[in-house]
Amino acid sequence: MTDTPLLHVDMDAFYASVALRERPDLVDQPVVVGGSGRGVVLAANYVARRYGIRSALPMTRARRLCPHVVVLAPDYDTFTSVSASVMETFRDVTPVVEAMSLDEAFLDVRGATRRLGSPREIAERLRATIHDEQGITCSVGVAASVSVAKVASRRAKPDGVVVVSPAEVTSFLHPLDVGELYGVGEKTQALLHRFGLLTVGDVAHTPLQTLQRALGDHLGRHLHHLAWGTDRSDLSPTAGPHEPERSMGADETFARDTDDRDVIVRELLRLAARVTGRMRAAGVAGRTITLKVRFADFTTITRSRTMPEATDVTVEVHRAVTHLYDALGLQRVRVRLVGVRVEGLVLRATVHHQLALGEPEHGWADADRAVDRATRRFGAKAVRPASLV
DNA sequence: TCTGGGGTCCTAGGACCC
DNA sequence: TCTGGGGTCCTAGGACCC
């Protein structure tokens, strides 16, 4: 029996660590993984962090902070395969693994302690295995609840383990800044600071009703739980049957802002094709179609329309977002990004398409299926709508 | 040449129904 | 004829996570 059954395992600077396996000559240099142009830093090694470089930092600022930083392009195929191997290592320990992303997961090791030892011993064994097999390091937080384990792994970085027993939870959490809590971002942190609530302990000792008045019922209650480490402790294993995604979308920032409707409508077609292609591969369809537009000044709006029936058809999604775009009535407004998202996804098998008499539409679904087959055989570049050629 | 792309969840107002 | 109350759906925006 253990009173700290949850492990949060988080790879250290994952993309950068994986990229550096191919370039051991660069390990002592400041290195970031990221795109070129208008991108942001996806991961920075610990040398680069000494210059103040962090993930999500605009690439231009990273270069300004450290002009000799080495920039490596992301290789998602490799990241995905390393991630899959790491997740397998987790599943050798316990079937209860909730993957949060490519580089982190929660594990419930309750059922493994008899076989493998204490949670701390399991954490150290995992770290050694991942280091030997993948050549990268990770950090582990061990606790009784999801949020405490998450905060603990962050405190363990890099390349360490932090165990927080139930008796230690308040002395561990309460001195921390409120911004350290999992789910408290920049805005909420600033709001809490304005109320004079600087530490987690300050929040913990604020009456629940006061928190709820300031932050709303839900967030107030949530924060109260986070501050006492009484958030959820049950995981939803990622493997095996799980609910389909609730939405799928794609967006793209233009290399340069544009006010050209043709360029924008063509980009919307590419995005609609990408999204519906993924939907068809996953066997889902959705009713609510959302257009996202970000302007040159970074303000962002969304416009959505809910259809009578769920669809996964490229031209239907494209037509919907094009109508939404035209309805904005933009005149010479510079657009930075457009996005397409489909929400309210259901399994396509549950959608019974009402065939209207003489409906011309069913031909488009057939066309999509033909495109999907060709894409599987010849690759994504081989088949695309005529207007994108 | 500041600020990606993939998601989830919550809020709040209005419509509409009972 | 003077103001209810609950529930659901839709839309838009915003916060947060990696």
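Here is the naming used below: chain letters follow the sequence lines, and residue numbers restart at 1 for every chain.
Note on ring orientation: taking the six-membered ring where Trp is involved, the planes of A:His8 and A:Phe106 are tilted (angle from 30° to 60°). Using bins of under 30°, 30° to 60° and over 60° for the plane-to-plane angle, the ring pair A:Tyr15/A:Tyr76 lands in the perpendicular bin.
Among the nucleotides B:dG4, C:dC17, C:dG13, the one closest to any side-chain atom of A:Val40 is B:dG4. Comparing C:dC18, B:dG5, C:dG13 by their closest approach to the side chain of A:Tyr182 singles out C:dC18. In the set C:dG13, C:dC18, B:dG4, C:dC18 carries the atom at the smallest distance from any side-chain atom of A:Glu104. Taking the side chain of A:Lys150 as heavy atoms from C-beta on, and the options C:dC18, B:dG4, B:dG5, the nearest nucleotide is C:dC18. The side chain of A:Asp103 lies closest to C:dC18, out of C:dC10, B:dG5, C:dC18. Of the candidates C:dA12, B:dG4, C:dC16, C:dC16 carries the atom nearest the A:Lys187 side chain, counting heavy atoms from C-beta on. The A:His218 side chain lies nearest to B:dT11 when the options are C:dC17, B:dG6, B:dT11. Nearest nucleotide to the side chain of A:Arg287, out of C:dC18, C:dC10, B:dG5: C:dC10. Among B:dG6, B:dG4, C:dC18, the nucleotide with an atom closest to any side-chain atom of A:Ser101 is C:dC18. With distances taken from any side-chain atom of A:Thr60 to the nucleotides B:dT1, B:dG4, C:dT11, the minimum falls on B:dT1.
Atom P of nucleotide C:dA12 and atom CZ of A:Arg294 are separated by 17 Å, given to the nearest angstrom. Look at CE on A:Met279: it is 15 Å from C1' on B:dG6, rounded to the nearest Å. Rounding to whole angstrom units, NE2 of residue A:His222 and P of B:dC9 are separated by 12 Å. Atom CG in A:Leu181 sits about 10 Å away from atom P in C:dC17, given to the nearest Å. Rounded to a whole Å, the CE atom of A:Met307 is 13 Å from the P atom of C:dC10. The distance between atom CG of A:Leu226 and atom P of B:dC9, rounded to the nearest whole Å, is 16 Å. A:Arg274 has its CZ atom 6 Å from the P atom of B:dG6, to the nearest Å. Distance, A:Glu245 CD to B:dG6 P: 13 Å, rounded to whole Å.
Of the side-chain N and O atoms in A:Thr188, none sit less than 4.0 angstrom from OP1 or OP2 of C:dA15. Contact between the side-chain N/O atoms of A:Thr306 and the OP1/OP2 oxygens of C:dC9 is not found at any separation under 4.0 Å. Checking the phosphate oxygens (OP1, OP2) of C:dA12, no side-chain nitrogen or oxygen of A:Thr290 falls inside 4.0 Å. For the OP1/OP2 pair of B:dG5 and a distance below 4.0 Å, the side-chain nitrogens and oxygens of A:Arg341 include no atom meeting the criterion.
Residue-level contact check: A:Gly249 touches the backbone only, with heavy atoms under 4.0 Å from sugar-phosphate atoms and none from bases. Among the protein residues, A:Arg256 comes within range of no part of the nucleic acid, since none of its heavy atoms lies under 4.0 Å from any strand. A:Gly183 comes within contact range of the sugar-phosphate backbone alone, with a heavy-atom separation under 4.0 Å but no base atom that close. Residue A:Leu337 is in sugar-phosphate contact alone, with no base atom involved, counting any heavy-atom pair closer than 4.0 Å across all strands shown. A:Arg303 comes within 4.0 angstrom of sugar-phosphate atoms only, judged by non-hydrogen atoms across all strands, and of no base. Residue A:Ile301 is in sugar-phosphate contact alone, with no base atom involved, counting any heavy-atom pair closer than 4.0 Å across all strands shown. As judged by a 4.0 angstrom heavy-atom cut-off over every strand, A:Gly185 is placed among residues touching the sugar-phosphate backbone only.
Ring centers of A:His68 and A:Tyr51: under 6.0 Å apart, within the cut-off.
C:dC10 is paired with B:dG13 under the criterion used here, namely a Watson-Crick or G-U wobble arrangement in which both key atom distances are under 3.5 Å. Using Watson-Crick or G-U wobble geometry with both donor-acceptor distances under 3.5 Å, C:dC18 finds its partner in B:dG5.
Residue whose closest nucleotide on DNA chain B sits further toward the 5' end, between A:Arg246 and A:Thr253: A:Thr253. Nearest-nucleotide positions on DNA chain B place A:Met59 closer to the 5' end than the other of A:Met59 and A:Met248.
When only modelled atom types and interatomic distance are considered, A:Thr137 and A:His131 share no side-chain donor-acceptor pair under 3.5 Å. In this structure, a donor-acceptor pair under 3.5 Å is present between the side chains of A:Arg294 and A:Thr300.
By the 5.5 Å and 30° criteria, A:Phe298 is stacked with the base of B:dT3.
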Applying salt bridge (charged side-chain N to carboxylate O under 4.0 Å, His left out) to A:Asp260 and A:Arg266, what does each step give before you reach the verdict?
CA-CA 10 Å; A:Asp260 183 337; A:Arg266 221 178 304 142; 6.0 Å; no

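Ion pairing of A:Arg287 with A:Glu343 is absent here, as no side-chain N (NZ or NE/NH1/NH2) approaches a carboxylate O to less than 4.0 Å.
Taking atom C1' on both nucleotides, C:dC16 is separated from B:dG4 by 16 Å, rounded to a whole Å.
Between A:Thr314 and A:Ala273, the shortest heavy-atom contact is CG2-CA, 3.6 Å.
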